[in-house]
Undergrad: 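Below is the structure I would like to discuss, written out as structure tokens.
The chain is numbered in sequence order, starting from 1. Because the structure is predicted, anything quoted here is derived from the model rather than measured.
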Amino acid sequence: LQIAGDLPGALAVLEGTETFGRAWLARYPASDELAWIVANSVYRQGDVLGGGGVNLSRLPEALAKYREADRLYSVLRKKYPLSARYNAGTLFILQRIASAHEKMGNLAAGLAGTIEWRDRLAEVWKVDSNNLEVLRNYAMSYANMGTIQQKMDRFADAEASLNEAIRWGLEYRKRSPQAQA
């Protein structure tokens, strides 16, 4: 629905999924799958409100949804610190939070959030150095840092970050030859 441009419809479906998921989670609180579904529906609401793709440009509400999703994901990350799905797979929400700050013109918070994303990815990389999603996102974190630093007129920092993005991007490409250049 979001891709088709029916943003109110997409938001309504995601809100319904969250409500339904929370009701079932109350009945089955040990279900990590239900917790995953609720967290994903909350994060996707953020995307419809003001995140990626076609959205409603309601960035403060998107940021609130992203923070709530991160809170929900953090429960799964703590429970499964070595799980690629529940740990590394949920760290992208930190990028969404940083991006929302950047889009709202708060570059310092955007940069701080991007640095947090990079640092958390580095922690996962130490434990799971074969996780190519982490490696790709690690390279992207440096690229995002460089973009924000450039907007802040911190050109030397931006150059250093972008060089790191290239270095890690080449490492990703070497390990994942089928990846898009």
Undergrad: Is the Trp168 ring parallel, tilted or perpendicular to the Trp125 ring (thresholds 30°, 60°)?
TA: perpendicular
Undergrad: So if you build clusters from Ile, Leu, Val, Met, Phe, Trp, Tyr with side-chain heavy-atom gaps below 4.5 Å, do Leu72 and Trp36 land together?
TA: no
Undergrad: Show the nearest heavy-atom pair for residues Thr17 and Ser41, with the distance to one decimal.
TA: CG2-CB, 3.9 Å
Undergrad: Shortest non-hydrogen contact from Ala35 to Leu25?
TA: N-CD1, 3.9 Å
Undergrad: Any chance the side chains of Tyr142 and Asn163 put a donor and an acceptor closer than 3.5 Å?
TA: no
Undergrad: Please examine the side chains of Met145 and Leu111, heavy atoms only from C-beta on, and report whether any two atoms are closer than 4.5 Å.
TA: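 Yes. Closest side-chain heavy atoms under 4.5 Å.
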Undergrad: For residues Gly51 and Ala62, report the shortest heavy-atom separation together with the two atoms involved.
TA: N-CB, 4.3 Å
Undergrad: Between CG of Leu49 and OH of Tyr66, what distance do you get to the nearest 0.5 Å?
TA: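 Leu49 atom CG to Tyr66 atom OH measures 8.0 Å (nearest 0.5 Å).
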Undergrad: When you compare the side chain of Leu59 with that of Ser57, does any pair of heavy atoms fall below 4.5 Å?
TA: no
Undergrad: Quick check on the hydrophobic clustering: are Val54 and Leu14 connected, directly or via other members, by side-chain heavy-atom contacts under 4.5 Å?
TA: yes
Undergrad: Apply salt bridge (charged side-chain N to carboxylate O under 4.0 Å, His left out) to Glu123 and Lys126, showing your working.
TA: CA-CA 5 Å; Glu123 290 170 15; Lys126 287 177 189 172; over 6 Å; no
Undergrad: Quick one: closest heavy-atom pair of Ala158 and Gly146, and the distance?
TA: CB-O, 3.4 Å
Undergrad: Taking atom CG of Leu135 and atom CZ of Arg173, what is their separation to the nearest 0.5 Å?
TA: 12.5 Å
Undergrad: Please tell me whether Val42 and Ile97 are part of a single hydrophobic cluster in this structure, the criterion being side-chain heavy atoms less than 4.5 Å apart.
TA: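 They do not share one cluster, since no chain of ILVMFWY contacts under 4.5 Å joins Val42 to Ile97.
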Undergrad: Under the criterion salt bridge (charged side-chain N to carboxylate O under 4.0 Å, His left out), which of Arg77, Arg120, Arg96 is the partner of Asp70?
TA: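 Exactly one pass, corresponding to Arg77.
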Undergrad: Could you report the tightest heavy-atom contact between Asp47 and Gln2, atom names first, then the distance?
TA: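 Minimum heavy-atom contact is O-NE2, 3.3 Å.
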Undergrad: Which heavy atom in Ala165 sits nearest to a heavy atom in Ala139, and how many Å separate them?
TA: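 In terms of heavy atoms, the two residues are closest at CB-O, 3.5 Å.
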Undergrad: Crowded around Phe155 CZ? As in, over 12 foreign heavy atoms under 6.0 Å?
TA: yes
Undergrad: What's the verdict on side-chain contact (heavy atoms from CB on, under 4.5 Å) for Asn106 and Glu102, showing C-alpha distance, side-chain angles and the deciding distance?
TA: CA-CA 5 Å; Asn106 188 346; Glu102 180 186 357; over 6 Å; no
Undergrad: Dump the intermediate steps for salt bridge (charged side-chain N to carboxylate O under 4.0 Å, His left out) on Lys65 and Glu18, then the final yes or no.
TA: CA-CA 12 Å; Lys65 288 293 182 181; Glu18 177 189 359; 3.7 Å; yes
Undergrad: Using 0.5 Å steps for rounding, measure from the CG atom of Leu56 to the CG atom of Leu7.
TA: 4.5 Å
Undergrad: List the steps, then state whether salt bridge (charged side-chain N to carboxylate O under 4.0 Å, His left out) holds for Glu171 with Lys174.
TA: CA-CA 5 Å; Glu171 179 65 22; Lys174 181 173 83 176; 3.3 Å; yes
Undergrad: Between CD of Gln149 and CG of Leu107, what distance do you get to the nearest 0.5 Å?
TA: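 Result: 11.0 Å between the selected atoms.
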Undergrad: Can any side-chain N or O of Ser176 pair as donor or acceptor with the backbone N or O of Tyr172 at less than 3.5 Å?
TA: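 No.
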Undergrad: Is it the case that the side chain of Thr114 and the backbone of Gly110 share a donor-acceptor pair, with hydrogens and angles ignored and the cut-off at 3.5 Å?
TA: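 Confirmed, Thr114 side chain pairs with Gly110 backbone.
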Undergrad: With heavy-atom distances below 4.5 Å as the criterion, would you say the side chains of His101 and Ile148 are in contact?
TA: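 No; the side chains remain at least 4.5 Å from each other.
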Undergrad: Tell me, do Met104 and Pro60 make a side-chain contact under 4.5 Å, heavy atoms counted?
TA: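 A side-chain contact exists here, since the closest heavy-atom pair is under 4.5 Å.
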Undergrad: Would Arg22 and Glu68 pass as an ion pair if we require N to O under 4.0 Å?
TA: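 Looking at Glu68 together with Arg22, the answer is yes, because their closest N to O distance falls below 4.0 Å.
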Undergrad: Measuring only between side-chain heavy atoms, which start at C-beta, is Tyr73 closer than 4.5 Å to Phe92?
TA: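 In contact.
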Undergrad: Do Tyr43 and Val13 sit in the same hydrophobic cluster, where Ile, Leu, Val, Met, Phe, Trp and Tyr count as joined when their side-chain heavy atoms come under 4.5 Å apart?
TA: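 No, Tyr43 does not connect to Val13 through the hydrophobic network.
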Undergrad: Are the side chains of Ile37 and Phe20 in contact, using a 4.5 Å heavy-atom criterion?
TA: no
Undergrad: With sequence neighbours left out, what residues match Tyr80 under ring-ring contact (aromatic ring centres under 6.0 Å, His included)?
TA: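 For Tyr80 the ring-ring contact (aromatic ring centres under 6.0 Å, His included) partners, ignoring immediate neighbours, are Tyr86.
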Undergrad: Could you state the interatomic distance from CZ (Arg175) to CZ (Arg136), rounded to the nearest 0.5 Å?
TA: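 Taking CZ in Arg175 and CZ in Arg136, the distance rounds to 15.0 Å.
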Undergrad: Can you establish whether the number of heavy atoms outside Glu15 located under 6.0 Å from its atom CD is more than 12?
TA: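 Result for CD/Glu15: enclosed.
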Undergrad: Please confirm whether the backbone N or O of Tyr28 pairs with a side-chain atom of Ser31, one donor and one acceptor, at under 3.5 Å?
TA: no
Undergrad: Please test Asn40 against Val38 for side-chain contact (heavy atoms from CB on, under 4.5 Å), starting from the C-alpha separation and ending with a verdict.
TA: CA-CA 5 Å; Asn40 281 340; Val38 170; over 6 Å; no
Undergrad: Let me check something: do Met140 and Tyr138 share a hydrophobic cluster, defined by ILVMFWY side-chain heavy atoms less than 4.5 Å apart, either directly or through other members?
TA: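 Same cluster.
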Undergrad: Supply the atom-to-atom distance Leu162 CG to Thr147 OG1, rounded to the nearest 0.5 angstrom.
TA: 6.0 Å
Undergrad: Do Asn55 and Val48 come within less than 4.5 Å of each other through their side chains, counting heavy atoms only?
TA: no
Undergrad: Do Val134 and Leu132 have side chains that get closer than 4.5 Å, going by heavy atoms?
TA: no
